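Just the heavy atoms: all of them, side chains too, but no hydrogens, waters or symmetry mates, feed the values below. Keep in mind it's a predicted model, so treat the numbers as computed, not measured.
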Amino acid sequence: MSSYTLRCVHCGDEVPEHYTTACPRGHASLLRADYAEKQLNVMKAPGIFRFSSWLPVHGSLPIDAGPVCYKSEALARELNLPNLHIGFNGYWPERGGTIATCSFKELEALPTMVRVRENTTDTLVIASAGNTARAFLQVSALTGVPVVVVVPEKSLARLWTTVPAEKACVIAVRGDYTDAIRFSREVCSLPGFIEEGGARNVARRDGMGTVMLDAAVTIGRMPDYYFQAIGSGTGGIAAWEAAVRLREDGRFGQALPSLHLSQNLPFVPMVSAWNDHRRTLVAETDMPDASSAISRVFSDVLTNREPPYAIPGGVFDAMSATGGRMYAVTNDEARAAGNLFTEHEGIDLDPAAAVAVSSLIRACETGSIDTGRTVLLNITGGGYERVREDHALIPVHPAFCVPAGATAEQVKKELAKLVNHV
Ligand SMILES: *Cc1c(COP(=O)(O)O)cnc(C)c1O
Ligand SMILES: [Zn+2]
């Protein structure tokens with residue numbers, strides 16, 4: 001249970017909460033949740049909702065998925081990092097990891113579903129290429145709250161839950177992720193539907209920010225360095241915002257952790273812009289041959305063409321405020337790092353998490369961090385092999401398929417039926 005107000009980062013004005021994702025004065029800026037409680041009050045609640053006082057929700061869900069933080073021994077020894085802490089966000093019950101869909105996107109989906117229910121009667125629409133879709137389908141399955149999920153057709157194989165998703169409507173688009181995003185906007189132009197909002201959704205960011213909160217509470221202080229692989233960079237923004245709140249709390253240190261964020265070659269737009277000291281992304285310079293580059297990465301969840309990089313309160317500001325660094329990792333480096341992690345820590349990784357591990361290895365080798373200090377490595381996904389031992393994975397089939405570029409008009413009837421039905 002929290003008490004919060006929304007504020008525009010650009011103008012500072014208070015913004016009324018109706019699941020609002022933009023400043024009503026038209027500023028191209030993120031909104032932020034301003035919590036009444038300035039000290040983190042960790043509650044006796046399951047999973048992520050123990051951090052409810054810093055989530056933009058009043059209620060909670062009886063679901064025990066949440067962030068897990070532990071001190072590494074084997075990998076720490078291997079890398080000669082005596083203060084390496086791992087934020088594990090996936091399925092690994094032996095360590096307390098119960099995120100059944102295996103990525104930190106569930107940390108976003110849980111508070112978002114509560115925020116939606118508390119502020120609007122509209123049906124939530126999510127465009128995703130995989131992990132986000134699975135997370136929202138799972139939370140819909142567990143809560144019975146309807147969602148519309150729009151995915152590129154080739155991502156359908158990644159859509160599964162561990163409980164039947166009876167109130168979920170999946171629309172497959174014959175095209176890529178960008179086509180799926182366009183069609184989801186079409187759906188949101190119809191009455192009764194609302195866009196999830198991505199980085200603009202404060203529940204997404206503050207949900208992801210619980211990885212930093214959990215680490216600070218577990219370690220007893222904020223880490224000095226935060227490592228994460230990014231596609232949109234929302235998790236990096238979230239870690240920074242959580243750290244700013246922890247600094248204000250006063251009990252977890254005054255220095256903000258520096259963000260060490262990584263992308264997967266050959267698609268590394270934010271690394272390119274940041275290393276050029278530029279606030280704006282330039283498509284020709286930062287993502288040449290984008291489609292071809294995207295098709296060649298090991299981790300395709302890291303391939304967002306429109307990340308919230310330049311926007312006030314976005315990735316550039318987060319990197320600047322924390323003295324951050326960015327890393328570009330090759331497929332081979334990521335695979336090798338992922339194997340090293342599994343060998344030492346004993347759990348399989350999402351390819352994106354392997355990219356983050358690789359960036360940490362690079363940081364140690366190049367001296368870009370002081371190896372004696374406290375490191376938080378965000379393992380943003382893992383346990384895909386482990387979850388199969390405990391759960392049957394139930395595929396989620398699309399309600400219908402549309403061609404790229406379809407309009408909502410063309411599917412209005414089907415959608416209306418679905419919404420009445422859900
Ligand atoms: C989405 C995702 C990321 C990237 O997260 P952002 O902070 O939104 O860029 C990293 N790892 C995994 C497993 C993801 O699903
Ligand atoms: Zn504003």
By side-chain contact (heavy atoms from CB on, under 4.5 Å), Thr120 pairs with (sequence neighbours left out) Tyr19, Val116, Asp122, Ile194
Once you measure the plane-to-plane angle for Phe316 and Trp274, does it fall in the parallel (<30°), tilted (30-60°) or perpendicular (>60°) bin? perpendicular
Any donor and acceptor pair, going by atom type alone, linking the side chain of Trp54 with main-chain N or O of Glu37 inside 3.5 Å? yes
How about Phe341 and Glu78: do any of their side-chain heavy atoms sit closer than 4.5 Å? no
Non-hydrogen side-chain atoms of Val315 and Pro307 separated by less than 4.5 Å: no
Would Glu17 and Arg115 count as a salt bridge (Lys or Arg N to Asp or Glu O under 4.0 Å) here? Give the steps. CA-CA 10 Å; Glu17 165 72 302; Arg115 184 181 178 220; 2.8 Å; yes
Pairs meeting criterion salt bridge (Lys or Arg N to Asp or Glu O under 4.0 Å) with involvement of residues 215-243, two or more places apart: Arg32-Glu241, Arg205-Glu241, Arg221-Asp224, Asp224-Arg373
Would you say the side chain of Pro67 lies within less than 4.5 Å of the side chain of Phe51, judging by non-hydrogen atoms? yes
Is Arg158 paired with Asp300 through a side-chain N to carboxylate O contact shorter than 4.0 Å? yes
For Tyr35, is the NZ or CZ atom of Arg245 found under 6.0 angstrom from the centre of its six-membered ring and inside 45 degrees of the ring axis? no
Go through it in stages, so that I can follow the logic: the residues are His58 and Tyr4, the test is ring-ring contact (aromatic ring centres under 6.0 Å, His included), and I'd like the CA-CA distance, side-chain angles, deciding distance and then a yes or no. CA-CA 9 Å; His58 301 291; Tyr4 68 97; 5.7 Å; yes
Pick one: which of Val244, Leu246, Val217 meets side chain to side chain contact (heavy atoms under 4.5 Å, CB included) with Met212? Leu246
Verify whether one side chain among Gln228 and Ser262 offers a donor that lies under 3.5 Å from an acceptor in the other. no
Do Tyr327 and His260 have ring centres separated by under 6.0 Å? yes
Which salt bridge (Lys or Arg N to Asp or Glu O under 4.0 Å) pairs, counting each pair once, include a residue from residues 254-267, with sequence neighbours left out? none
Ignoring hydrogens and angles, state whether a donor on the side chain of Thr330 or Arg335 is under 3.5 Å from an acceptor on the partner side chain. no
Geometric cation-pi criterion, Arg95 with Tyr70: 6.0 Å, 45°: yes
Between the side chains of Thr101 and Glu106, does any donor sit under 3.5 Å from an acceptor? yes
For the residue pair Ala404 and Val173, what are the closest heavy atoms and their distance? CA-CG1, 4.0 Å
